[in-house]
Amino acid sequence: MAAVKSITSRANPQWMRLRKLARASAAYRKQGEVWIDGEHLCAAYVQRGGLPLCAVIDEAAWELPQLRALAGGAETVLVVAASMLAALSTLESPPRIGFAIRWPGPGQLLAGRPSVVLDRLQDAGNVGSILRSAAAFGFEQVIALEGTAALWSPKVMRAGMGAHFGLNLVEGVEADALAELGVALLATSPHASVPIDRAELPWPCAWVIGHEGQGVAADALARCAQSLVIPQPGGEESLNAAAAAAVCLYESMRRRPQPG
């Protein structure tokens with residue numbers, strides 16, 4: 001049964017630790033915990049079998065049976081004023097509940113899995129959106145090369161909308177380690193000559209999604225079996241990284257061999 005505490009002071013050490021976790025993008029690496037907030041994300045974590053280390057819930061939400069039950073699965077529940085919970089979030093509309101959950105660590109690369117490789121992506125919204133597309137289209141693993149935004153930061157967690165909990169996530173990877181994947185690497189480039197809809201797409205594979213402004217780095221691109229172009233008859237120079245990733249992952253899913 002959860003230990004329930006009421007916190008009113010912003011000088012409380014436990015509250016201050018949570019605030020750092022919620023506000024600093026890479027604090028999870030030092031603290032070993034990840035901050036998630038909002039009913040959807042907290043419920044998604046619990047539905048995947050997750051056990052929160054700590055739940056923070058505002059006083060009014062604590063009186064609602066559904067949210068009380070959601071918070072009650074944590075080891076510790078902190079009941080706070082709505083203004084205090086709002087201070088843990090960067091959202092304009094503050095959530096009514098948040099969790100501190102155990103960080104699973106930097107992860108271990110698994111060979112032979114359909115994967116997405118993130119090469120120095122900087123925007124947390126793009127990273128989270130790509131995680132959602134990976135989960136939706138049957139990719140099992142996302143690998144973040146050195147220089148990519150922190151996968152478990154609060155902003156990426158919110159953009160991922162629960163996708164984190166169904167993927168094998170690996171971060172801080174050097175490009176040399178991609179040889180261990182054992183699947184064909186694919187990339188897109190506006191300078192490629194073969195359109196994605198006409199290419200032979202192997203399965204499983206690993207799509208490499210490059211930096212928002214610079215694209216895929218030369219050393220990563222050199223490891224790719226194919227570099228393909230996404231046709232854009234509308235004339236735009238390029239697609240947003242998350243949009244391009246969604247096109248690539250969907251195209252692979254659409255043409256993957258069906259069992260039986």
Side-chain angles (χ1 to χ4, degrees), residues 1-107 121-129 131 144 147-165 169 171-172:
M1 187 173 180
V4 181
K5 303 177 184 177
S6 178
I7 290 181
T8 58
S9 171
R10 299 191 182 209
N12 179 283
Q14 192 169 10
W15 188 88
M16 292 175 68
R17 184 174 183 273
L18 287 170
R19 192 174 191 279
K20 183 176 182 181
L21 189 66
R23 289 282 180 163
S25 62
Y28 65 88
R29 292 173 182 158
K30 290 184 178 180
Q31 296 193 24
E33 297 177 13
V34 173
W35 173 256
I36 63 176
D37 55 15
E39 296 169 46
H40 174 89
L41 198 51
C42 291
Y45 178 71
V46 171
Q47 286 166 6
R48 286 278 187 174
L51 298 174
L53 298 173
C54 178
V56 185
I57 185 169
D58 74 41
E59 294 161 337
W62 182 242
E63 300 304 320
L64 302 176
Q66 183 175 351
L67 291 183
R68 183 188 285 248
L70 184 59
E75 294 179 11
T76 303
V77 178
L78 304 181
V79 182
V80 301
S83 60
M84 286 187 68
L85 185 51
L88 293 179
S89 178
T90 57
L91 295 174
E92 291 185 11
S93 298
R96 298 185 292 177
I97 188 171
F99 287 166
I101 65 175
R102 186 171 285 104
W103 178 46
L121 268 74
Q122 299 297 298
D123 184 82
N126 279 339
V127 173
S129 293
L131 264 61
T148 298
L151 292 187
W152 295 90
S153 71
K155 289 183 178 180
V156 174
M157 293 298 302
R158 281 195 289 273
M161 295 291 285
H164 287 72
F165 311 135
L169 301 180
E171 61 179 1

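Since the model is a prediction, treat every value here as computed from it, not as a measurement. In this chain, residues are counted from 1 in sequence order.
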### Summary
Applied to residues 41-54, the side chain to side chain donor-acceptor pair (under 3.5 Å) test, sequence neighbours excluded, yields none

#### Entry: L41 side, atom CG; I101 side, atom CD1 - distance, nearest 0.5 Å
7.5 Å

Donor-acceptor pairs under 3.5 angstrom involving side-chain atoms of residues 155-164: please list them, not counting sequence neighbours.
residue: R158; atom: NH1; partner: D37; partner atom: OD1; Å: 3.4
residue: R158; atom: NH1; partner: D37; partner atom: OD2; Å: 3.4
residue: R158; atom: NH2; partner: T90; partner atom: OG1; Å: 2.5
residue: H164; atom: NE2; partner: L151; partner atom: O; Å: 2.7

### Task
Apply side chain to side chain contact (heavy atoms under 4.5 Å, CB included) to the pair L78 and L18, showing each step before the final yes or no.
CA-CA 11 Å; L78 304 181; L18 287 170; 3.7 Å; yes

### Message
Applying side-chain hydrogen bond (donor to acceptor under 3.5 Å, both in side chains), can you list everything that pairs with D58, at least two apart in sequence or on another chain?
### Response
none

### Task
Check whether any side-chain heavy atom of L21 lies under 4.5 Å from a side-chain heavy atom of W103, and answer yes or no.
no

### Summary
C54 and A74 have their tightest heavy-atom pair at C-CB, 4.0 Å

### Query
Tell me, which pairs form a side chain to side chain donor-acceptor pair (under 3.5 Å) where one or both residues lie in residues 61-81, sequence neighbours left out?
none

### Summary
Looking only at heavy atoms, the pair that brings P154 and A22 closest together is CG-O, 3.3 Å

### Query
Yes or no on side chain to side chain contact (heavy atoms under 4.5 Å, CB included) for V80 and L88, after CA distance, side-chain angles and deciding distance?
CA-CA 11 Å; V80 301; L88 293 179; over 6 Å; no

#### Entry: Minimal non-hydrogen separation, S25 against S153, with atom names
O-CB, 3.2 Å

### Summary
What one should report as the nearest heavy-atom pair of A71 and F99 is CA-CE2, 4.3 Å

### Task
Can you run down the salt bridge (charged side-chain N to carboxylate O under 4.0 Å, His left out) pairs that involve residues 6-26, sequence neighbours left out, and say none if there aren't any?
R17-E33

### Task
To the nearest 0.5 Å, tell me how far L121 CG sits from N126 CG.
6.0 Å

### Minimum heavy-atom distance S9-W15, with the two atoms named
O-CB, 4.4 Å

### Query
Does any pair with a residue in residues 90-105 pass salt bridge (charged side-chain N to carboxylate O under 4.0 Å, His left out), and if so which ones, sequence neighbours excluded?
E39-R96

